[in-house]
Every structure is written in C-alpha cells, then in structure tokens.
Amino acid sequence: MDLQVPLLAAKALLLLLLFAFIYAVVRRGIGDLHSIPEDETFVAGREPETDGRSNHPERGSGSRSDTFVAAESQNGHATLVVEDSDILAPNTRFPVESGTTSIGRSGASNIVLKSDDYVSGQHARLTRHGGLLYVEDAGSTNGTFVNDRKTVGATPLRSGDRVRVGSTTFRYSE
Amino acid sequence: MTQRATLPMTIALLITTLGFATLIFVQEANSPPLIYGAYYAGTMVALYLGVRLWLPHSDVLLLPMVTLLTGVGLIMIYRLTYEVPGVENLATTQAGWILVGAGALVAVVIFLRDYQKLFAYKYLLALAAVGFVASTFTPLGYEVNGARLWLQIGSVTFQPSEFARIALIIFFAGYLAEKRDLWAATSKSFMGIQLPALKYFGPVALVWAASLGLLIFEKDLGSSLLFFAVPVLMLYAATGRIAYVILGALLFAIGSFATYLAFSHVQLRVSTWLDPWSDPDDSGFQIAQSIFNIADGGITGTGLGAGFSQTIPEVETDFVFSTIASELGLLGSTAFLLVFLVFVYRGIKISLLAGDDASKLLAFGLTAMFAMQTLIIVGGVTKAIPLTGITLPFVSYGGSSVLGNFVLTGLLLVVSEKAGKRSDAEEARYEAPEKAAV
C-alpha cells in the first residue's frame with residue numbers, strides 16, 4: 001500500500017496543475033473579450049445598414065428607392081469627383097467603369113493617389129454587383145471611409161456618398 | 001492579442017515533467033534518455049520566445065496550449081509503450097516529430113509572414129490538395145487497417161490528407177472571400193430561412209460528391225467527414241445563410257445512409273457503435289475496452305501508469321483520449337477538453353479580429369477543422385458517435401498529424417499577428433494616423 005501514497009500525491013498534483021493551467025490560460029484569454037472591434041461587420045446580402053448615412057444632407061430624403069438606384073446605374077455614368085484632397089485638384093473626375101476599379105498609391109491602380117503617405121499601394125477596390133457599386137478596403141493600413149465610417153467588408157455606395165482614402169475625399173455620383 | 005503567456009507555459013512544462021517523474025519514480029518505468037526531455041522543453045520554450053520576438057502582436061497564448069497537449073500526449077504515449085517490446089521508442093519518435101513540427105511552424109512564421117500572398121495561389125493549392133489525396137492511389141500509397149491514406153517515399157511514410165486539408169482551407173478562404181456576395185444573395189425564403197438561388201448549391205454538392213468519393217475509395221470515414229463539414233461551415237461563416245448548413249446536413253445524412261447500405265465496413269462501424277456487446281471479443285473489442293477504461297477512471301482517475309488501457313488496440317493514436325480519461329479521470333479529461341475549447345476560442349477570436357474576409361475565413365476554417373477533429377475522435381472513443389479513425393490533434397502519436405497541426409498553429413499565429421497589429425493601430429489611429437507601410 002505504501003506505493004499508493006506517492007501515486008496519489010502525484011495524481012492530485014497533476015490535476016491541480018491542469019486546472020491551474022486552465023485558469024492561467026483563461027484569465028489571459030478571456031480578458032480581451034470586450035476588445036472585439038466596435039464597427040459592425042457587414043453581412044453580405046443583407047440590407048445595407050443605413051444609419052450614419054441618413055444624417056447626410058446631400059442624399060435626398062430617402063425618397064430614392066433601391067430599384068431606382070439600380071436602374072440609374074445601368075446607364076453607367078458613375079463617377080468619383082474629388083471633393084477635398086491634399087494631392088489632387090478639387091473637382092477632378094474619375095469615371096468608374098464596369099468591372100473592378102482599384103484605388104491606391106501604386107501606379108498600377110486605376111485611380112492613382114501618388115505621394116500621399118496615408119494611402120497604401122493597393123488601398124481600395126470598387127466592384128459592381130447587381131446594379132450596385134461596392135467599395136471594399138484592400139487591406140490598407142489606414143482604412144477606407146464611407147461617410148466618415150470605416151468600412152468593414154464590401155460596402156454599397158449610393159449617389160452622394162463620400163469616400164475617403166488617405167487625405168482624399170471623393171463624392172460618388174451616378 | 002495576448003502577448004504574454006509565461007505562466008501558462010511554465011505550468012504546461014511542469015505538468016509534462018511531473019507526468020514523466022510519476023512514471024519513472026512511482027511506476028518504476030525505464031527512464032527514456034533524458035536528453036529527449038531537454039530537447040522537447042527547449043524546443044517549446046524557444047518556440048515561445050521566438051514567436052514573441054518575431055510576431056510581437058500575435059496571440060502567443062496558443063503555444064502554451066500546444067505545449068500542454070503535446071506534453072500530455074508524450075506522457076501517454078510513453079506510458080503506453082515503454083514496456084511493450086517493438087514500440088518502446090515511440091515516445092522518443094514522437095518527440096522527434098514535435099521537433100520537426102516546431103521547425104515547420106518556424107518556417108511558416110518566416111516564409112508566410114505575409115500569408116495573404118497564399119490567396120493568389122488558391123487554385124494551385126486546391127490542385128495540390130487534390131493531388132495529395134489522389135497520390136495515395138499511386139503505387140506509392142498503401143493501406144493501413146483498410147484505409148488507403150498512407151504514402152511511402154523512401155523510408156518516410158506519411159498521410160498526405162493531413163496537408164491536403166490545410167491547403168483546401170486556404171483555397172476555400174480565398175475563394176469564398178472573393179465570391180461571398182454571390183453565395184449570400186437570396187431571392188426567396190422558406191419558413192423564415194433565406195434561400196439562395198438553386199445554382200449556388202452546386203459547389204456544396206461538388207464538395208459533397210468529392211468527400212463521398214474519398215469515403216468510398218479511401219474508406220476513411222473521419223477524413224471524408226472533415227473534408228465535407230469544414231467547407232460547409234466556412235460557407236456558413238462567409239454568408240450567414242443557415243440554408244447551406246441545413247442542406248449540407250441533409251446531403252450528409254443521405255450520403256451516410258447510402259454508404260451504410262453499400263459498404264460492409266461502414267455497417268460494421270455502425271453496428272459496433274450501436275451495440276459493441278454483441279461481439280465484445282472481436283469487432284466490439286476496441287470500443288468496449290475504451291469504455292471499460294473510461295469507466296475505470298472514475299472522478300479522479302487511476303493515476304498515471306495504474307490503468308490498463310494498453311488493452312485497447314491503436315490506443316496511442318486514435319484512443320489516446322481513453323487513456324487520459326482512465327488515468328486522469330473525469331476531472332483530468334474535462335480539463336483536457338477545456339484546453340481544446342480555449343484553443344478553439346482563441347482561433348475564433350483571431351478570426352473576429354482579422355482585417356479582411358480571406359484572413360477571417362482562413363482562421364475560422366483552421367479552427368473549425370481543429371474543433372471538428374477533436375469532436376469526431378472524442379465522440380468516437382466515448383461511443384457518442386460512430387468511431388472514425390482520426391487523430392486527436394497534438395496528442396495522438398503520428399508524424400503527419402503533429403506536423404499538420406503545427407503548420408495550422410503557425411498559420412493561426414501569422415493571421416493573429418496581422419489582426420493584432422490592426423487592432424493596436426485602430427486604438428492609436430485617432431491620435432495620429434500612421435503612415436502606410438506599403
């Protein structure tokens with residue numbers, strides 16, 4: 001029987017250590033639960049959230065229906081107009097073609113924002129899906145903002161929306 | 001993310017030391033060459049310090065968990081094999097594999113620091129995954145216990161499907177991130193569930209057919225279940241459409257039933273699951289022994305080395321959890337499952353914090369695979385679900401499995417590095433916007 005005592009002690013110690021490990025890991029791990037980013041994640045396919053836009057004066061008073069926007073964009077005169085920028089002259093117009101339009105500091109982008117230190121090489125992408133133009137951040141360092149809200153995932157644009165990349169603010173018009 | 005985990009790391013190594021000390025001094029097992037213990041502890045500590053140094057924003061908390069899981073795995077493998085002639089050196093071989101795995105993790109951290117470039121090669125990776133799985137049908141492949149999933153090149157044998165899974169998850173992450181708006185678009189709803197158009201179920205059916213093919217030709221139930229469930233879960237994560245999961249479950253039920261009717265080895269698995277006692281000395285032997293062992297453990301376990309789980313065939317690979325439940329008891333095995341749970345929690349957390357869709361899906365897919373694998377094998381050995389032979393991540397003996405899981409952890413670490421950097425930058429952004437690095 002005397003052999004059983006060390007075994008029992010070892011067993012108890014091992015279980016104690018196992019739970020101490022769980023405690024230590026969980027204490028470190030759960031502590032940052034509340035640091036989940038606040039910006040709401042875009043759920044693809046769902047109605048785009050409208051808060052943050054409704055207080056935006058330029059965009060009619062909600063009378064514009066989605067189908068109207070879709071029908072309008074079929075005509076394909078979508079443009080991004082520079083509203084405010086450190087590097088580009090105001091009112092510079094960039095037509096948004098069908099397919100993907102890239103925005104970035106690199107010369108290969110469709111819309112080149114040279115010598116803006118706050119713009120990444122490949123900063124954002126504009127893509128057309130089912131009549132709506134979506135802007136999506138391409139993993140940039142400082143993010144892409146639509147109406148001063150940082151975008152998460154693809155964000156649909158409506159006429160009058162402001163898109164900010166680095167120091168440049170564009171107004172989107174269809 | 002969590003940058004300091006010295007205390008959990010110390011406890012994990014203490015547990016491993018205590019386990020071996022119990023076996024050597026109390027059970028009077030022959031001591032394995034102590035240099036292996038030093039190698040193991042040195043590797044894990046070096047890995048921990050190295051990751052803290054190279055990836056200062058990453059979730060280093062994963063490493064103490066890997067240390068604990070591999071450490072307890074080593075104790076159990078050693079305990080099960082030190083007196084069995086022919087396999088006495090299994091624990092030291094496993095320690096060698098852990099060393100190789102740690103090397104692979106370092107390679108991932110160094111070469112795939114910018115893991116997003118992987119997504120550019122997603123179709124190539126998918127092709128490689130298919131090639132890996134198909135390679136077992138070449139003359140190089142061979143069968144073990146009826147399942148053809150081994151490959152022999154020279155004197156090295158490995159299971160290519162372990163690596164095919166990871167390649168496939170990278171592919172799905174890149175692919176779904178690009179196309180998820182399409183999959184998520186819905187036109188009608190049924191009983192409150194938004195239904196995507198019929199054509200978007202095509203890829204689900206394709207993955208289903210592929211995993212069914214795997215089941216039929218490789219006779220590997222566990223792998224085929226993983227190959228099916230993980231992509232479906234990723235599709236759900238990408239779109240938020242429960243319809244894909246429901247359809248996936250339906251397809252899975254149909255597929256399982258059809259293979260049950262068609263294949264005798266599947267029938268055998270199901271009948272031993274439903275009633276191992278009808279043939280406890282032959283087909284039901286393994287699962288019956290497993291249950292005996294788990295019951296023998298009781299609340300606190302028999303103590304290391306005092307159980308009788310050597311009686312279970314394949315105990316050091318598929319049934320290692322039975323040994324843990326037997327010798328550490330309900331308390332020990334619960335603690336052990338909690339470690340898996342925390343690992344999965346950290347994985348999901350990394351996924352939540354990651355900056356772009358592809359990284360989110362990658363972290364989620366890897367975590368889902370880890371979780372599913374644990375669920376399938378623990379459920380199998382406790383007779384909750386039919387047994388399918390896959391390994392318990394990090395714990396079971398097996399080089400490919402250990403290597404694959406280290407690569408998985410490495411990928412989670414590099415994703416968490418970017419995610420951590422991003423969330424740190426977010427906090428600092430309002431004071432002074434930082435200059436773009438690219």
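Just so we're on the same page: letters track the sequence lines, and every chain starts at 1. Only heavy atoms go into these numbers, but all of them, side chains included; no hydrogens, no water, no symmetry mates. Everything quoted here is computed from the prediction, not taken from an experiment.
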Of all of [options], which one pairs up most often with chain A through heavy atoms under 4.5 Å apart?
| options | result |
| --- | --- |
| B:Gly301, B:Gly19, B:Ala21, B:Gly355 | B:Gly301 |
| B:Asp356, B:Thr22, B:Ile15 | B:Ile15 |
| B:Thr10, B:Thr334, B:Val339 | B:Val339 |

Kindly indicate whether the side chain of [X], heavy atoms from C-beta on, has any atom under 4.5 Å from the side chain of [Y].
| X | Y | answer |
| --- | --- | --- |
| B:Val342 | A:Val26 | yes |
| B:Leu328 | A:Leu14 | yes |
| B:Leu304 | A:Lys11 | no |

Heavy-atom closest contact (A:Ala24 atom, B:Ile11 atom, distance):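 Closest pair (atom of A:Ala24, atom of B:Ile11, distance): CB-CD1, 4.2 Å.
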
Taking every non-hydrogen atom, the tightest pair across A:Phe21 and B:Ala12: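 Minimum heavy-atom separation between A:Phe21 and B:Ala12: CE1-CB, 3.8 Å.
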
Contact class of B:Ala306 relative to chain A, heavy atoms under 4.5 angstrom: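 Just its side chain gets close to chain A.
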
A:Tyr23 OH to B:Leu7 CG distance, which is reported to the nearest 0.5 Å: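 Answer rounded to 0.5 Å: 10.0 Å.
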
Derivation of the side chain to side chain contact (heavy atoms under 4.5 Å, CB included) call for B:Arg346 and A:Val25: CA-CA 10 Å; B:Arg346 295 311 294 180; A:Val25 166; over 6 Å; no

Among A:Leu17, A:Leu18, A:Ile22, side-chain contact (heavy atoms from CB on, under 4.5 Å) partner for B:Leu68: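 So, applying the side-chain contact (heavy atoms from CB on, under 4.5 Å) to B:Leu68 and each of A:Leu17, A:Leu18, A:Ile22, only A:Leu18 qualifies.
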
